[in-house]
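Whatever order the structure lists ligands and atoms in, that order sets their numbers, starting from 1.
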Amino acid sequence: MKDAMISVKDRKLALTNIGVAYAAFLIGTLCGLLQVFIRNDALTLPGWLDYYQVLTAHGLLLAIVFTTFFIFAFFHSGISRTLGDFSPKVRGWNWAGFWVTLIGTMLVVVMIVAGQASVLYTFYAPLQAHGLFYVGLALFVIGTWIQGFALIAHYLKWKKQHKGELSPLFAFMTIATIILWVIACLGVVATVLFQFIPWAFGWTNGINVELSRSLFWYFGHPLVYFWLLPAYMAWYVVVPKIIGGRVFSDSLARLSFVLFILFSIPVGFHHQLTEPGIASFWKFLQTVLTFMVIIPSLMTAFSMFATFEMRGRELGGRGLFGWVSKLPWKDVRFTSIFIAMLFFIPGGAGGIINASFQMNEVIHNTLWVVGHFHITVGTPVAMTFFGLTFWLVPYLSGRRFTKSLQRMAFLQIATWSVGMLLMSTAQHLLGLLGAPRRTAYTGYQHDSALAWFDGVLSNHVTMAVGGSILFLSAILLIYIVVQLWWLAPKSDENSYVTFPIATSDTSATPAFLENWKLWIGIAIVLIAVAYTIPLSDMIQHAPPGSGRFQTW
Ligand code: HAS
């Protein structure tokens, strides 16, 4: 069955994005492998390569480049699948956006490779990279905006042709994520254009460090939801179809995305709880709002459990947990994403710990935080993307997901899970012992610091073993992608890979949930309340401004 196959041209657009995503993934995971060995003192880099250079490449290529290109591939194919093929104009804008994003990426990568930008993915001032690094970042964001607005234009055209109708859930969620992304990027665009670029090119003498960090985290926290929401889209829309069920509640799903637009932005100070220069009241307010943004994730957890239980019972599951065994565990498209969800239970709990004022004192700037983001973006998000890859690539390339590739996919998710479990557990424990993040190996002179390098679980060896397993898993994944794209047998009418979209009953969904003006308006009010006074304080009482530091 052809299953509403999207046009060849739209497939090419999505596949090209996936190609860039997995090229970044390959190099990024190799950088990760180098890091765990350097931190364990098992590897010394040649003089021309620096730990912080590798760490910058790792963070940017995996957390920013892999995710963003994959997310747009998912958006392009899903929007084209649910709202119809792109017009040549919309497709053209999407390509233009793709190229601008890619040129920005290349500029950033060249600067890192040239040793001109070892500033890590947070590019905290007063560390200063070459001006072109920041130009690359700006182009990257502009490129994503062009693609985002092209998708919005396609959606608006559909709305015009379907007056009074709610858009399909996939499209609704895509638009919500793009709105979140555009509002969030305003912070990073402001600091890059008005602070970093003039400072890096020598047009201004100093930089207001606190302001730049605050504008970065205004962007940095919703950034994590820009990664998470496409994964949630897969959980809400794709997974129910794979297991043969339906969306548990259309209005709950839409409401949870609306809540992310409202609460994911005015919370950046929870990354700055230890920083001076921000009055406690504003930190407290943003911490309260952080607890609000946990709610849509709890709603998602509830909805997923309900979806699974309802389907399991439909299939004859009895008793309290009898339905669990009825789920399609042999289908790797489901199992991969289910494991991703399981990882998010401790991942989310860790986030709640981080957001708690006093506990943040214990974990801030330690390896705990590194453990936290590996079991949030590195597993729930990344492994959901792997689960999507297994059918999205053959759907787009017209090839088959053969039995032997399915077995390999199981091996890949199993190794990723084991590797991540070992590495992130060691990182959490090391963080509790006080091991700092963002550091290469140093010959520590203190007994408690030396304890980081021995012991059974809480040590750097475990981290390196986990990291190595993860790298092997990444290579396996690249092999699977290459097969699914170019080498697996071509599919025919009977073996066509489909794009699973579950039925979502909109009959009880209130229309105001799709009133974007309302939600954007409330989001702006919340942002204004949380940020206007502290940011204007930082500007009015600005220190003279810091000069540049280049530690590499
Ligand atoms: Fe975080 C730091 C707080 C979620 C990523 N976070 C980071 C950094 C990254 C990151 C990259 O408050 C480091 C930044 C840097 O470089 O400095 N985080 C939170 C909170 C949440 C949270 C409150 N983080 C994420 C997600 C990320 C991510 C998601 C990536 C995708 N985070 C923090 C804080 C810091 C921080 C502080 C700063 C720390 C510091 O001091 O530096 C919440 O959104 C979490 C809510 C989630 C839940 C879990 C719900 C569970 C679900 C799964 C259900 C499972 C099912 C399976 C259905 C409450 C949805 C069925 C199972 C059966 C058994 C049947």
Side-chain angles (χ1 to χ4, degrees), residues 55 58-60 62-64 67 71 120-124 213 216-217 219-232 235-236 239 243 248 256 259-260 263-264 267-275 283 286-309 311-312 317 320-321 323-325 327 329 334-335 337-357 359-385 427 431 436-438:
L55 185 53
H58 173 70
L60 277 167
L62 289 180
I64 311 288
T67 50
I71 287 167
L120 311 191
Y121 90 104
T122 40
F123 59 94
Y124 275 167
R213 286 164 81 111
F216 177 84
W217 284 118
F219 154 82
H221 194 71
L223 167 69
V224 314
Y225 298 112
F226 174 67
W227 303 327
L228 183 69
L229 294 195
Y232 276 5
W235 298 9
Y236 275 113
V239 170
I243 65 173
F248 167 67
S256 73
L259 293 179
F260 278 113
F263 294 113
S264 69
V267 298
F269 286 166
H270 72 225
H271 291 263
Q272 299 174 272
L273 293 178
T274 56
E275 287 179 22
K283 289 181 181 171
Q286 296 211 10
T287 303
V288 172
L289 292 170
T290 303
F291 278 79
M292 295 297 291
V293 81
I294 294 167
I295 294 171
S297 281
L298 294 175
M299 287 162 61
T300 305
F302 172 77
S303 183
M304 288 302 117
F305 272 112
T307 307
F308 295 150
E309 183 174 351
R311 181 60 186 150
L320 201 53
F321 291 113
W323 51 271
V324 176
S325 62
L327 296 172
W329 299 108
F334 163 71
T335 315
I337 296 184
F338 186 88
I339 299 173
M341 291 176 187
L342 285 184
F343 266 93
F344 200 38
I345 296 174
I352 297 172
I353 290 172
N354 300 348
S356 309
F357 229 105
M359 284 194 272
N360 184 271
E361 295 292 313
V362 179
I363 55 82
H364 184 65
N365 271 342
T366 71
L367 267 183
W368 167 285
V369 178
V370 181
H372 166 67
F373 63 66
H374 280 97
I375 53 164
T376 46
V377 63
T379 324
V381 170
M383 214 148 90
T384 298
F385 291 179
Q427 287 168 337
R437 66 182 287 206
R438 304 190 176 107

Query raised in the report: With backbone taken as N, CA, C and O and side chain as the heavy atoms from C-beta onward, which portion of Arg438 lies under 4.0 Å from ligand 1: side chain, backbone, both, or neither?
Result: side chain
Requested in this report: Please indicate whether any nitrogen or oxygen in Ala355 is less than 3.5 Å from any nitrogen or oxygen in ligand 1.
Outcome: yes
Query raised in the report: Which class fits the ring pair Phe123 and Phe216: parallel under 30°, tilted 30 to 60°, perpendicular over 60°?
Result: perpendicular
Query raised in the report: What protein heavy atom sits nearest atom 34 (C) of ligand 1, and how far away is it?
Result: Asn354 CB, 3.3 Å
Query - Short N/O/S contact of His221 with atom 1 (Fe) of ligand 1 (below 2.8 Å) - result: no
Query - Option with minimal heavy-atom separation from atom 47 (C) of ligand 1, where the choices are Pro296, Gly348, Ala306, Ser303 - result: Gly348
Requested in this report: Would you sort out whether Phe334 and Phe308 count as a ring-ring contact (aromatic ring centres under 6.0 Å, His included), showing the intermediate values?
Outcome: CA-CA 11 Å; Phe334 163 71; Phe308 295 150; 5.7 Å; yes
Query - Option among Tyr124, Phe219, Trp217 that satisfies the ring pair (Phe, Tyr, Trp, His ring centres under 6.0 Å) test with His271 - result: Trp217
Query - Residue part near ligand 1, for Val369, under 4.0 Å between non-hydrogen atoms - result: side chain
**Report entry** Test item, Gln272 contacting ligand 1 (heavy atom, 4.0 angstrom)
**Finding:** no
Query raised in the report: Between Tyr121 and ligand 1, is there a nitrogen or oxygen pair with a distance under 3.5 Å?
Result: yes
Report task. Under 4.0 Å from a heavy atom of Val381: give me the atoms of ligand 1 that qualify, with their elements. Result -> 31 (C)
Query raised in the report: Among protein heavy atoms, which lies nearest atom 23 (C) of ligand 1, and at what distance?
Result: Gly351 O, 3.4 Å
Query raised in the report: Of all the atoms in ligand 1, which lie at a distance below 4.0 Å from a heavy atom belonging to Tyr225?
Result: 21 (C), 43 (C), 44 (O)
Requested in this report: Tell me, please: is Phe357 in heavy-atom contact with ligand 1, that is, under 4.0 Å?
Outcome: no
Requested in this report: Indicate, as side chain, backbone, both or neither, the part of Val224 found under 4.0 angstrom from ligand 1 when only non-hydrogen atoms are considered.
Outcome: both
Query raised in the report: Which residue owns the protein heavy atom closest to atom 53 (C) of ligand 1, what's the atom, and how far is it?
Result: Met341 O, 3.5 Å
Report task. Mind telling me whether Phe321 and Trp323 have parallel, tilted or perpendicular rings, with 30° and 60° as the class edges? Result -> tilted
Query raised in the report: Should one rank Phe305, Trp235, Phe260 by closest heavy-atom distance to atom 61 (C) of ligand 1, which comes out on top?
Result: Phe305
**Report entry** Residue and atom name of the nearest protein heavy atom (relative to atom 1 (Fe) of ligand 1), distance in Å to one decimal
**Finding:** His372 NE2, 2.2 Å
**Report entry** ligand 1 atoms in contact with His270 (distance to a heavy atom under 4.0 Å)
**Finding:** 12 (O), 33 (C), 34 (C), 37 (C), 38 (C)
Report task. State whether the shortest distance between N or O atoms of His364 and N or O atoms of ligand 1 falls below 3.5 angstrom. Result -> yes
**Report entry** Region of Leu298 that comes within reach of ligand 1 [heavy atoms, distance under 4.0 Å]
**Finding:** side chain
Query raised in the report: Quick one: do the Tyr236 and Thr307 side chains pair a donor with an acceptor below 3.5 Å?
Result: no
Query raised in the report: Short list, please: which atoms of ligand 1 are under 4.0 Å from a heavy atom of Met304?
Result: 58 (C)
Query - Identity and separation of the nearest protein heavy atom to atom 54 (C) of ligand 1 - result: Ala301 CB, 3.7 Å
Query - Mode of Phe291 contact toward ligand 1 - side chain, backbone, both, neither (heavy atoms, under 4.0 Å) - result: neither
Query raised in the report: Can you list the atoms of ligand 1 that are under 4.0 Å from a heavy atom of Ile294?
Result: 59 (C)
Report task. Of the side chain and backbone of Phe226, name the one, both, or neither that has a heavy atom under 4.0 Å from an atom of ligand 1. Result -> neither
Report task. Tell me which protein heavy atom sits closest to atom 17 (O) of ligand 1, plus the residue, atom name and distance to 0.1 Å. Result -> Arg437 NH1, 2.8 Å
Query - Shortest heavy-atom approach to atom 50 (C) of ligand 1 - which of Trp217, Trp368, Phe373, Phe344 - result: Phe344
Requested in this report: Check ligand 1 against Leu228 and write out every atom of the ligand that is under 4.0 Å from a heavy-atom position of the residue.
Outcome: 29 (C)
**Report entry** Any Val293 heavy atom less than 4.0 Å from ligand 1
**Finding:** no
Report task. Specify side chain, backbone, both or neither for Asn360, according to which of its non-hydrogen atoms lie closer than 4.0 Å to ligand 1. Result -> side chain
Query raised in the report: Is there a nitrogen or oxygen of His271 sitting under 3.5 Å from a nitrogen or oxygen of ligand 1?
Result: no
